[in-house]
Number of protein chains: 2
Amino acid sequence: MQDVEFGHVECADCPIRHRAVCSRCETDELVLLEEIKYYRTFEAGQTIAWTGDKLDFVATVVSGIATLSQTLEDGRTQMVGLLLPSDFMGRPGREMATYDVTATTEVVMCCFRRRPFEELMRTTPHIAQRLLEMTLDELDAAREWMLLLGRKTAREKIASLLAIIARRDASLKLSKAGGSLEFDLPLTREAMADYLGLTLETVSRQVSALKREGVIELAGKRHISVPDFDRLMLETGDDCDGGMPF
Amino acid sequence: MQDVEFGHVECADCPIRHRAVCSRCETDELVLLEEIKYYRTFEAGQTIAWTGDKLDFVATVVSGIATLSQTLEDGRTQMVGLLLPSDFMGRPGREMATYDVTATTEVVMCCFRRRPFEELMRTTPHIAQRLLEMTLDELDAAREWMLLLGRKTAREKIASLLAIIARRDASLKLSKAGGSLEFDLPLTREAMADYLGLTLETVSRQVSALKREGVIELAGKRHISVPDFDRLMLETGDDCDGGMPF
DNA sequence: CGACGTGTTGAAGACTCTCAAAGTCCGTGG
DNA sequence: CCACGGACTTTGAGAGTCTTCAACACGTCG
C-alpha cells in the first residue's frame with residue numbers, strides 16, 4: 001500500500017479527541033496511546049484492506065471518509081458501513097479483516113499496532129468502555145439500515161440517505177438554522193447504490209425525480225441543497241419524530 | 001405483562017453458563033450476579049418490550065427464541081435480530097427499548113436490574129469484556145444480514161435462512177454428520193418474511209420451489225430436512241468456503 | 001481531440017408484491 | 001364425534017417497481 005507519512009499530532013490537539021475511542025482517557029492514559037500510535041494517509045479510491053487480509057493494526061479515522069463493503073462471488077456488492085471521522089476500524093482479538101475497506105476521499109487514520117492496543121484494552125477500562133459504547137451505536141445504525149434495505153422503496157432510500165448526510169453535515173457546521181441546508185455528496189452514484197441496495201441507474205432516476213419535484217436542488221452532480229428539510233423527511237417513510245439514525 | 005415466576009437456578013448449573021454475558025466470570029463474580037438476577041418467563045407470542053418502553057432490566061435469554069423488530073409508520077416491519085439462548089437483551093446506559101422484542105416461543109430470561117448491572121459492569125471487567133465481544137459478533141451478523149437484504153434474490157434469501165438455522169441446529173445437537181440434516185422452523189412464514197425483507201407469499205412460493213426441486217423436503221409445514229447441505233449452500237449465493245454468518 | 005470516469009435517460013423485461021381465493025391443521029364447543 | 005372458526009399456508013393472476021441493457025451527455029486529462 002502506498003501511504004504517506006503524516007506529521008505527528010499531539011492527542012491533546014486532535015480534532016476528534018472528544019469523540020473517538022480515546023475520548024474517555026485521562027492524560028496519563030493518552031501518553032500510553034501516544035506511544036503506540038502512528039498516522040497513515042490513504043488516497044481517495046485506495047483500498048485500505050481487503051476481506052481476509054491480515055491486519056496488524058486497528059485505527060481511528062481522523063479525517064476523510066471510508067466505506068466497509070461485502071461482496072458476493074458474482075460481484076454484487078453491498079456497503080455495510082461508513083467510516084466517518086472519529087469512527088473506529090478493526091476488531092480487537094481478530095487478525096483478519098472481515099470487510100473490504102476503501103477510502104472514498106483522502107483518509108487520515110490514527111493507527112495502533114494491534115497487540116499493544118489489545119494489551120491497553122485490558123489495562124485501561126476507559127478504552128474498552130468507550131469501544132463498547134461505540135460498537136453499540138454502530139449496531140443500532142446497522143439495524144436502522146436493515147430496515148431501510150429490507151422495507152423501504154427506492155425513493156425512500158434516497159431520501160433517507162440524503163437526510164442522514166444533511167443532518168450530519170449540519171451538526172458538523174453547527175449551521176442548524178431551520179431553513180435551507182446545503183452539502184456536497186461524498187459518494188458517487190455507484191457508491192450510493194451499493195449503500196442502498198439499488199442499481200446506480202435507479203439512484204440517478206430517483207435523485208432526478210426528487211429534483212424535478214422540488215424536494216431538492218442540484219448544483220452540479222454532487223452539490224445538493226434542501227429548501228425544506230421537513231419535506232425531505234416526509235419522503236423517508238420514517239416516523240418524523242422518532243429515534244433517528246446517526 | 002403476565003409472566004410466570006421461574007424457579008431459581010444456580011449459575012453454576014445454568015445451561016448457557018459458558019456462552020452468555022457471564023461466561024468469563026469467576027465464581028466470586030457469579031455470586032454478585034446471582035444477587036441481582038431473577039427469572040421471568042414469557043409465553044409464545046407475548047411482547048417482551050415495545051419500542052420506547054422504559055426498561056428497568058437487561059437480560060440473557062436462557063431458553064426459547066425472541067425477535068427484535070422495527071416498524072415504519074405505515075406498518076411495514078423488518079426484523080433486525082434474533083435472540084437465541086445465551087443472547088443478551090438491552091443496552092447498559094440506555095433506559096428505553098429501541099426495538100420491539102417479541103417471544104416467538106416460550107422464553108425464559110435471566111434478568112438483571114439495570115442499575116446494579118451497570119454498576120457491576122464498571123467493577124467487573126470480565127462482564128464488560130464479554131459484552132463487547134458479543135456486541136461485535138452481533139454487529140458482524142447484522143452486516144452479513146445487510147448483504148442479504150440489499151443484494152440477494154428471494155430464493156437466495158430463503159436458502160440462506162434455512163442454511164443458518166440448519167447449521168445452528170446441527171451445532172446444538174452435535175449431530176454434524178455430513179449427511180442429511182433435519183430441523184423444525186422456529187418461525188412462521190410471516191416471521192420469515194419479516195426477517196428476509198419479503199412478503200409471506202413470496203416466502204411460501206420459494207419454499208415450495210426449493211421443495212419441488214428437491215433441495216429440501218417438507219414434513220408438515222414446519223419440519224424440514226436437507227438431503228444435501230452443499231446443494232443448499234449453492235443456492236445461498238455465498239462463497240461456499242468463506243466466512244459464515246452465525 | 002479522443003479516452004475515460006461519471007452521470008442521465010429510455011425501453012424492455014424480470015422479479016416481487018398485491019389482491020384474492022382456497023386448502024390445511026388444530027382446538028373449541030355443540 | 002363432528003362441525004365450526006381461526007391461524008397459518010399455498011397458489012393464482014395481474015400490476016408495479018426495479019433492474020438490465022443500451023445510448024448518450026458532460027467534464028477531465030493525457
Side-chain angles (χ1 to χ4, degrees), chain A residues 43-46 72 74-78 102 104-105 148-162 184-213 216-224 235 237, chain B residues 43-46 67 72 74-78 102-105 148-162 184-213 216-224 235 237:
Chain A
E43 303 158 23
Q46 194 179 349
L72 257 23
D74 60 5
R76 285 174 283 175
T77 87
Q78 174 66 49
T102 310
T104 60
T105 65
L148 176 144
L149 291 172
R151 293 303 186 193
K152 289 191 177 178
T153 65
R155 170 184 263 260
E156 289 169 337
K157 286 178 175 181
I158 299 287
S160 299
L161 180 58
L162 295 179
D184 281 305
L185 275 177
L187 303 172
T188 65
R189 296 288 185 265
E190 183 175 22
M192 291 172 67
D194 284 344
Y195 206 175
L196 299 170
L198 297 171
T199 59
L200 65 91
E201 294 95 330
T202 299
V203 170
S204 183
R205 273 186 254 272
Q206 294 296 336
V207 170
S208 297
L210 289 174
K211 173 187 169 190
R212 202 178 314 123
E213 297 168 30
I216 60 174
E217 287 157 19
L218 287 182
K221 305 301 185 188
R222 298 287 193 89
H223 191 83
I224 293 196
E235 301 287 352
Chain B
E43 303 158 25
Q46 194 179 349
T67 64
L72 258 23
D74 60 4
R76 285 174 284 175
T77 87
Q78 174 65 49
T102 310
T104 59
T105 64
L148 177 146
L149 290 173
R151 293 303 187 193
K152 288 191 178 179
T153 64
R155 183 186 180 91
E156 290 169 338
K157 287 179 176 181
I158 299 287
S160 299
L161 179 60
L162 294 180
D184 282 305
L185 275 177
L187 303 171
T188 65
R189 296 287 185 265
E190 183 175 22
M192 291 172 67
D194 284 344
Y195 205 177
L196 299 170
L198 297 170
T199 58
L200 67 92
E201 293 95 330
T202 298
V203 171
S204 182
R205 273 186 254 271
Q206 295 296 335
V207 170
S208 297
L210 288 175
K211 173 186 170 193
R212 201 177 315 123
E213 297 168 30
I216 60 175
E217 286 157 20
L218 287 182
K221 305 300 186 190
R222 297 287 193 89
H223 191 83
I224 294 197
E235 300 288 351

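Computed from a prediction, not measured in an experiment: that's the story for all the values here. Convention: sequence-line order gives letters A, B, ...; per-chain numbering from 1. Any value given below was found using the heavy atoms of this structure, including those in side chains, with hydrogens, waters and symmetry copies removed.
Checked against C/dT16, C/dC19, C/dT8, the side chain of B/T153 finds its nearest nucleotide in C/dT16. Distance from the side chain of A/R222 is smallest to C/dG7 among C/dT8, C/dT16, C/dG7.
Not one N or O on the side chain of A/R155 forms a donor-acceptor pair closer than 3.5 Å with the backbone of A/V207.
Taking atom CZ of A/R151 as the reference point, atom C1' of C/dT16 lies 11 Å away to the nearest angstrom. In this structure, CD1 of A/I224 is placed 13 Å from C1' of C/dG7, rounded to the nearest angstrom. In this structure, A/E190 places its CD atom 15 Å from C1' of C/dT8, rounding to the nearest Å. Between the CZ atom of A/R189 and the P atom of C/dT6 there is a distance of 12 Å, given to the nearest Å.
Counting any heavy atom pair closer than 4.0 Å across all strands shown, A/L200 reaches a base atom. Residue A/T188 is in sugar-phosphate contact alone, with no base atom involved, counting any heavy-atom pair closer than 4.0 Å across all strands shown. Nucleic acid contact class of A/G45 (heavy atoms, under 4.0 Å, all strands): none. Within the 4.0 angstrom heavy-atom criterion, base atoms lie near A/T202.
Chain B approaches DNA chain D over the interval D/dT9 to D/dA13, counting the first and last nucleotide 5' to 3' with an atom under 4.0 Å from its heavy atoms.
Looking at which nucleotide of DNA chain C each of A/K221 and B/K152 is closest to, the 5′-most match is held by A/K221.
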Task: Trace of the side-chain contact (heavy atoms from CB on, under 4.5 Å) decision for A/D194 with B/R151 - done: CA-CA 9 Å; A/D194 284 344; B/R151 293 303 187 193; 3.2 Å; yes

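Dashed line: the shortest gap from a side-chain N or O of A/S208 to OP1 or OP2 of C/dT9 is under 4.0 Å.
A 4.5 Å side-chain heavy-atom check between B/M192 and B/Q206 finds every atom pair outside the cut-off.
Not a single donor-acceptor contact under 3.5 angstrom links the side-chain atoms of A/R205 to the base of C/dG7.
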